[in-house]
Amino acid sequence: MSNFDMLYNFISGPLFIVAVIVFIGGSIYKIHQLISLVNQKEKFIWRYMSWKYSIRSILHWIIPFASTNWRKRSFMTIMTFIFHMGLVCMPFFLAAHVILINEAFGVSWWTIPDGTADVITVIVIIACVFFLLRRLILRDVRFITTPSDYALLTIAAAPFITGFLADQQCCYYRFWLILHILSGEIMLMAIPFTRLTHMLYAVFTRAYLGSEFGGVRHARDW
Amino acid sequence: MAEPAKNRIIDEGLDTGKERLTQERIDKVINQVLSGETGARLKAYMDTCVHCGLCSETCPYYLSYGRDPKLSPAGKVRRTMGEILKRKGKVDPDFIRQASEVASTECNVCKRCAMYCPFGVDSAYILLVIRRICHLCGVTPLYIQDTAHSHSVTQNQMWVKEDEWIDTLQWQEEDAREELPDLRIPLDKEGADFMYSVIGPEPKFLAGLLYQAAYIFNVAGCDWTMPSMPGWDNSDMAMFTGDNEIMGRNKKFHYEAAQKLKVKRIVMGECGHAFRSVYDVGNRWLAWANPPVPMVHAIDFYHELLSTGKIKIKEKYKKSVTIHDPCNVIRGRGLHDKLRYVIHELCENVIEMHPNREHNYCCNAGGGVINCGPPFKNKRVMGNKVKAKQCADTGAEILITPCHNCHSGMEDIVLYYKLDMHVKFISDIMYEVMEKPEV
Ligand code: SF4
Ligand code: SF4
């Protein structure tokens with residue numbers, strides 16, 4: 001077995017399992033932590049939570065252009081929706097990923113056609129560059145940006161950049177492949193422990209604000 | 001993070017408070033607030049905010065001060081709570097002074113930004129936590145602290161003594177009887193249909209409003225009362241200084257006055273922040289999920305009077321009017337449609353300003369900012385160029401706003417930006433255009 005094979009087997013085997021465990025375990029921990037904080041100190045919140053208003057609020061913000069602010073920032077809206085769709089869908093529906101899953105577990109499902117996947121990848125990378133430029137150029141965004149925000153952008157962009165380069169199969173294929181898998185794993189593990197937590201918390205913060213606006217304030221929050 | 005000296009506003013409450021503040025006290029307070037008083041909300045907001053800046057353009061201060069990044073909602077959070085968390089609570093008295101100024105005079109806690117954040121991060125809540133920290137550190141702007149003291153001593157905002165209160169009501173009753181001979185301002189009438197509560201400044205400077213209200217209620221044949229004892233004042237600056245204990249005590253006085261009088265409900269005058277305190281914040285601090293006595297804002301009540309025909313209009317108001325939506329009853333209670341019904345019933349020519357309803361910009365007086373007094377007046381008025389433009393664009397002669405804070409704030413705006421308009425309450429107009437009985 002070559003060095004490459006050993007490395008490949010390691011990061012796509014045990015390390016991958018570790019990443020998934022850290023991600024799932026970490027996410028459960030973070031959500032549990034938030035909910036127990038509510039129970040310990042802000043129990044009153046439950047009294048005001050409403051399914052109806054939570055869902056109403058979440059829907060208005062998860063659908064592109066369904067809120068005033070999404071409409072006011074159409075370019076940002078398009079970019080952010082494509083970026084997030086790419087981030088969530090590509091890991092599950094990329095043909096190359098599904099083939100691996102099929103080899104390992106014997107199951108498989110619908111995949112994104114390769115051409116489309118390439119386009120999505122490129123758009124996600126462009127979106128990352130756009131986010132980077134916003135952070136560097138817009139004064140208000142630059143003022144609130146912390147070094148960790150650049151780190152997170154790098155973490156989110158890395159699997160796409162490396163994946164794209166590996167896919168070109170022109171040079172250093174193995175190098176990019178290894179980096180691709182590694183960066184994907186890093187991102188997975190980073191979700192519960194960095195600002196990427198917004199993936200876990202967004203639904204709760206939205207639901208709470210939606211419930212307050214709907215049930216107490218009788219006003220729209222979108 | 002001290003600001004450059006030339007921008008420094010001298011305020012005795014902040015400056016003396018800072019001088020007296022010890023490191024030990026800061027540590028104790030921050031620990032008490034961060035580990036004791038706050039919980040999931042603060043954590044979720046601080047962890048979830050992705051520093052995207054999508055809330056910047058919602059804030060009147062940010063827009064009015066040439067898009068100063070320091071004044072965006074997330075920018076203000078970064079300068080205050082962000083720093084506290086980053087430095088693990090190790091901040092000095094200078095920082096607390098600065099944070100107090102940011103939270104108390106650069107934010108109206110109007111929650112417009114919360115409505116525009118994709119995650120619903122409520123920067124106003126975070127800045128209120130900062131005010132709480134500063135309050136416990138004893139570093140609060142002087143003028144608003146004085147009103148909080150008044151709440152604490154007299155249970156009203158303006159140091160109105162009990163006899164002054166009763167005298168004022170009797171004086172207004174007497175005056176109004178010249179116009180409507182059998183008019184009464186019934187004090188302490190048990191079992192009345194409603195208790196009418198107002199804010200401290202009404203008896204102090206705006207007694208004419210009590211006259212108008214009494215006149216309207218008498219003509220409409222209402223069964224109403226006002227308490228002679230503390231609890232008549234529904235206002236609450238303690239809520240805005242972070243003095244939650246005094247806030248809770250005052251709300252208790254207010255609701256208990258209504259309970260003692262065994263009224264069916266409370267009707268509040270045209271005030272926004274008082275409504276927020278009675279309906280949203282104070283009652284919940286006292287662990288009442290909902291107000292323990294049903295209560296409605298004046299808009300709601302006027303809507304009722306007009307839609308049931310208890311008050312009829314003789315001739316609609318002719319001058320062109322525009323509406324400023326007070327945050328605390330619109331974004332805070334969704335009364336925008338009722339407000340429009342009332343205004344359209346009263347006025348012939350209504351011109352909307354934009355954005356409006358829940359999307360309105362705050363008057364910049366709200367959230368206790370105007371109560372921080374003269375030292376911060378210029379900063380406040382200059383921080384609302386957007387509102388001035390909004391108003392000017394309507395070309396209306398009259399600006400109606402059913403809120404005391406908005407009223408005073410908008411008068412300053414009108415004066416400073418030389419807008420050709422007058423600010424009025426709904427009751428001013430209603431009193432003018434209603435059908436009056438022959439006497
Ligand atoms: S508060 Fe919301 S809109 Fe503002 S920077 Fe944070 S995440 Fe973005
Ligand atoms: S609450 Fe209002 S004044 Fe304060 S930061 Fe948000 S938009 Fe600006």
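Because the structure is predicted, anything quoted here is derived from the model rather than measured. Just so we're on the same page: letters track the sequence lines, and every chain starts at 1.
- Highest contact tally toward chain A, considering only Cys52(B), Cys55(B), Ala287(B), is held by Cys52(B) [criterion: heavy-atom pairs under 4.5 Å].
- Using a 4.5 Å cut-off between heavy atoms, Met76(A) contacts chain B through its side chain alone, with no backbone atom that close.
- For Ile144(A), the parts lying near chain B are the backbone and the side chain together; criterion is any non-hydrogen pair under 4.5 Å.
- Within a 6.0 Å radius of CD1 in Ile62(A), other residues, nucleotides and ligands contribute 12 heavy atoms or fewer.
- For Phe44(A), the part sitting under 4.5 Å from any heavy atom of chain B is the side chain, from C-beta outward, and nothing else.
- Highest contact tally toward chain B, considering only Val216(A), Leu200(A), Val203(A), Leu152(A), is held by Val216(A) [criterion: heavy-atom pairs under 4.5 Å].
- The choice from Pro118(B), Gly332(B), Gly53(B) that makes the most heavy-atom pairs within less than 4.5 Å of chain A is Pro118(B).
- For the set Gly75(B), Gly39(B), Gly36(B), Ala74(B), the count of heavy-atom pairs under 4.5 angstrom toward chain A peaks at Gly39(B).
- Contact of Leu335(B) with chain A is not made at all, since no heavy-atom distance falls under 4.5 Å.
- Neither the backbone nor the side chain of Leu196(A) comes within less than 4.5 Å of any heavy atom of chain B.
- Counting heavy-atom neighbours within 6.0 Å of Phe81(A) CZ, excluding the residue itself, gives a total above 12.
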Once you leave out hydrogens and angles, what donor-acceptor pairs under 3.5 Å do chain B and chain A share?
unit_1	atom_1	unit_2	atom_2	d
Ser35(B)	O	Lys41(A)	NZ	2.8
Thr38(B)	O	Lys41(A)	NZ	2.5
Ala40(B)	N	Glu42(A)	OE1	2.7
Arg41(B)	N	Glu42(A)	OE1	3.0
Arg41(B)	NE	Glu42(A)	OE2	2.9
Arg41(B)	NH1	Tyr208(A)	OH	3.4
Arg41(B)	NH2	Glu42(A)	OE2	3.3
Met46(B)	O	Arg195(A)	NH1	3.3
Cys49(B)	O	Arg195(A)	NH1	2.6
Val50(B)	O	Arg135(A)	NH2	2.8
His51(B)	O	Arg135(A)	NH1	2.6
His51(B)	O	Arg135(A)	NH2	3.4
His51(B)	ND1	Ile144(A)	O	3.3
His51(B)	ND1	Asp149(A)	OD1	3.3
His51(B)	ND1	Asp149(A)	OD2	2.6
Cys52(B)	O	Arg134(A)	NH1	2.9
Cys52(B)	O	Arg134(A)	NH2	3.0
Leu54(B)	O	Asn69(A)	ND2	2.9
Ser56(B)	OG	Asp140(A)	OD2	2.6
Arg67(B)	O	Arg139(A)	NH1	3.4
Arg78(B)	NH1	Phe143(A)	O	2.8
Tyr116(B)	O	Asn69(A)	ND2	2.6
Cys117(B)	O	Arg206(A)	NH1	2.9
Pro118(B)	O	Arg206(A)	NH1	2.8
Phe119(B)	O	Thr205(A)	OG1	2.8
Tyr279(B)	OH	Val216(A)	O	2.6
Asp280(B)	OD2	Arg217(A)	NH2	3.4
Arg284(B)	NH1	Glu212(A)	OE2	2.9
Arg284(B)	NH2	Glu212(A)	OE1	2.7
Ala289(B)	O	Tyr48(A)	OH	2.7
Arg331(B)	O	Arg217(A)	NH1	3.0
Arg333(B)	N	Arg217(A)	O	3.3
Gly334(B)	N	Arg217(A)	O	3.0
Glu358(B)	OE1	Arg220(A)	NE	3.4
Glu358(B)	OE1	Arg220(A)	NH2	2.7
Glu358(B)	OE2	Arg220(A)	N	2.8
Glu358(B)	OE2	Arg220(A)	NE	3.0

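- Across Ala40(B) and Val38(A), no two heavy atoms sit closer than the pair CB-CG2, 3.3 Å.
- Taking all atoms of both residues into account, the shortest heavy-atom contact from Ile330(B) to Ala219(A) is O-CB, 3.8 Å.
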